[in-house]
Amino acid sequence: MSQGPTDSKPPTPGFLLPGLRCGVEMALVGTIILLVGLPAEEPLRLGIVLLAALLAMTVVLFWAMGRHVHRWIRYAQGKPTQHTPFD
């Protein structure tokens, strides 16, 4: 006897596409900040620009990790997760 679709669990959230998306988002955020701020000639302003780019990339990383952890929690609870190419 075959099992019906109600017996199956929702598909697991992937790691590859969300990881690639996070990497692209981090690179874009860092590049935008660096393009705006790198014409600074003073070392202090240059350091502030580099620090801002690093902090922005860290914020994007933790935001993406939080989204992915939320999807895994919903999967563990048996609730449906989002089904987009980047999940």
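Between the CG atom in L28 and the CE atom in M57 there is a gap of 10.0 Å [rounded to 0.5 Å]. Atom NE2 of H70 and atom CD1 of I73 lie 7.5 Å apart (nearest 0.5 Å). Interatomic distance, CD1 of I48 versus CG of L55, reported as 11.5 Å (0.5 Å rounding).
A heavy-atom distance below 4.5 Å is found between the side chains of L34 and L50.
Residues Y75 and F15 share a hydrophobic cluster, clusters being chains of Ile/Leu/Val/Met/Phe/Trp/Tyr side chains in contact below 4.5 Å. L17 and M26 fall into different hydrophobic clusters, defined by Ile, Leu, Val, Met, Phe, Trp and Tyr side-chain heavy atoms under 4.5 Å apart, directly or through other members.
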Evaluation steps, side-chain contact (heavy atoms from CB on, under 4.5 Å), between R67 and R21: CA-CA 12 Å; R67 285 180 40 198; R21 178 182 175 181; 2.9 Å; yes

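The shortest heavy-atom contact between A56 and V29 is CB-CG1, 3.4 Å. Nearest approach of L54 to T58, heavy atoms of both residues: O-OG1, 2.8 Å. For the residue pair A53 and G30, the shortest heavy atom distance occurs at CB-O, 4.2 Å.
Within 6.0 Å of atom CD in E41, 12 or fewer heavy atoms from other residues, nucleotides or ligands are found, so the atom counts as exposed in its surroundings.
Not a single donor-acceptor pair under 3.5 Å links the side chain of H68 to the backbone N or O of G19.
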